[in-house]
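One structure is given here, and the rest of the page talks about it.
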Amino acid sequence: MFQKEQQLIEEKIKAFCTANDIALAELKWQPIPFSGEWGFATSFFQTAANEAKLGKGSKLPVPQKAQEIAEQVKGQLGSVEGISHIEAVKGYLNVYFKTSDYARRVVDEVLTSGADFGRGAKKSETVMVEYAQPNTHHSFHVGHARNTILGEVLARLVEFAGFETIRASYPGDLGLGVITVMWIYEKLYKGQEPEGVHERGQWLAKLYVEATALLEKQENETPEQTAQREAYDAERREMYRKWDAGDETVRELWRVTREWSLEELREILHMLDVKMDVWFYESEVDEPSKVIVDELIARDIATDERPNGGAVIVKIDEKLGLTKEKYRTNVILRRDGTTLYLTKDLALAKVKFEQYHVDRSIYVVDVRQSLHLQQAFAILKLWGFPQAEKCHHLGYGFVSLPEGAMSARRGRVALFKEVYDEAVKRVLSVEAEKSANIPAGERVKIASQIGLGALVYSMLSVDNNKDIVFDINEALSFDGRTGPYIQNAHVRANSILKKMQVSGFKFQASGSFDYELTKHEIELIELISRFPQTVEQAANEYRPLVMAAYAYELANAFHSFYHAVNVLQTEDESIRNARLRLVSAAKQAIANALRLLDIQAPDVM
Ligand code: ARG
């Protein structure tokens with residue numbers, strides 16, 4: 001927002017340093033929070049350290065040297081257009097604006113940029129975010145929702161920060177779990193098929209529970225029961241063998257049931273406004289991953305122990321020259337020639353790098369897979385992919401319910417769709433009393449936006465590494481750190497602007513803030529001005545929480561402003577004009593923040 005001033009000052013600093021042979025370090029600017037005025041600052045500690053290292057200039061200790069440079073620079077700067085005054089304090093150069101100028105410029109910037117307010121400059125790197133990749137033949141539960149929401153928000157953040165962004169999914173569509181569902185379907189339910197996309201997906205999850213019960217060893221089994229269970233297991237193994245061998249009937253059953261899962265997944269992604277760019281499947285990298293094994297052996301990264309009756313392994317620690325155990329030794333091809341999850345991840349990464357030209361590769365995956373991913377990244381590094389340094393695992397903790405932990409095997413899961421339906425139902429019952437003037441159809445749409453807002457925000461407001469106990473009552477609360485609380489700030493801003501329109505008042509194209517600002521206005525302006533740097537930080541650190549926390553603070557500042565400052569009744573027309581512009585800017589900033597958080601911004605609720 002203030003790049004012009006920063007640039008101007010930077011040029012003057014550079015000219016001064018060149019003229020005086022000072023080894024200037026890169027200048028980093030930081031905003032100065034309001035303290036009578038707003039401003040931005042930079043320090044000269046690095047420059048002072050550079051000088052000391054070169055043994056140049058006075059022999060002062062670094063802090064004093066930094067202060068000396070700051071003072072010299074300040075003396076050189078003279079007056080700069082738009083700047084009220086400049087200070088040299090403790091090695092820092094503090095540059096201040098006239099408060100009314102700063103306020104006006106922040107508000108003007110938001111209103112001219114609109115939906116683009118906060119967007120970062122275009123970056124040269126391509127980021128791929130892989131998320132929403134549950135295993136098929138199960139149903140989508142709230143844990144998957146956490147994954148999907150974190151991934152989508154991260155994708156929105158990096159995209160808005162200026163990176164070329166690719167959204168990718170990678171469902172696990174093979175393995176014993178998948179075969180288990182197919183086995184029981186074939187045995188007990190052949191030909192059946194519930195109607196409805198969600199019903200079908202959920203049904204598969206039920207089949208899985210039933211199959212698990214039949215295939216699991218029970219306590220105190222009778223010999224007959226044991227024989228029965230073993231016979232079932234033999235059938236399942238036979239089916240797996242056929243699948244592997246490419247048996248057409250088994251493959252067809254697999255394709256059909258897999259599609260039921262994917263249909264449900266696509267439907268939920270649609271509800272969450274997620275548009276995937278690329279679909280990878282575990283089954284599709286299985287074959288390519290076998291080829292990779294040979295390449296890794298040829299390059300002496302993997303060790304082939306098959307001649308001695310072993311497997312193909314990668315001694316990661318040894319190859320990296322680590323003396324302490326970190327990544328351990330890993331199998332990448334079993335003795336029977338089958339690949340592992342790790343092998344497939346290597347093949348997948350190769351495709352991401354070579355076909356999609358990904359520079360930064362993000363994996364949104366359960367924290368429990370952390371070691372697995374670190375191992376994969378380490379092998380990619382041994383393999384010579386420079387992008388390995390920029391692979392990042394965004395892990396996330398477990399989601400449980402107040403009733404206790406979920407278990408797909410036991411059928412104790414909170415299905416996303418059920419939780420969503422419940423949330424919407426609750427919002428509707430409250431809304432029906434509160435906003436009788438909203439037409440019924442509209443109300444359902446808004447209830448869905450609020451219900452989803454509550455769900456989504458509850459997944460974002462907790463550090464991704466921490467576990468969540470998902471409590472629907474808490475999530476739906478209109479107070480505290482919730483989605484509806486932030487949405488409500490947008491609604492309130494909108495209602496002020498609506499009333500303004502009705503009254504026939506229109507704010508001017510620009511507004512002067514040349515009056516004594518209340519602390520609520522200052523706080524609100526300050527938060528709005530922090531939006532661009534918050535996007536940048538959240539994107540660079542891959543931390544959706546940074547944006548989620550900021551959105552709450554912004555909403556909070558607006559709610560306080562709303563309660564304390566009388567906008568429409570302000571006597572002085574120029575102040576009223578400025579305040580209305582501020583409300584409009586706040587509404588835009590909140591809308592932009594909500595959009596990045598994948599939450600709708602309703603105008604009424
Ligand atoms: N399908 C896996 C699961 O549900 C997650 C895939 C993670 N991505 C990866 N490249 N390994 O656990």
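Ligands are counted one by one from 1 in listed order, and the atoms in each one are counted from 1 as well.
For E195, the salt bridge (charged side-chain N to carboxylate O under 4.0 Å, His left out) test picks out no residue, with sequence neighbours left out. For K324, the salt bridge (charged side-chain N to carboxylate O under 4.0 Å, His left out) test picks out no residue, with sequence neighbours left out. With sequence neighbours left out, the salt bridge (charged side-chain N to carboxylate O under 4.0 Å, His left out) criterion links D463 to no other residue.
Between F377 and Y363, the ring centre distance stays below 6.0 Å.
By the 6.0 Å and 45° rule, R595 stacks over the aromatic ring of F160. Taking the ring centre of W254 as origin, the terminal cationic atom of R251 falls inside the region bounded by 6.0 Å and 45° from the ring axis.
For a heavy-atom separation below 4.0 Å, the residues in contact with ligand 1 are E130, Q133, N135, Y170, G172, Y341, D345, L348, Y363, V365, Q369.
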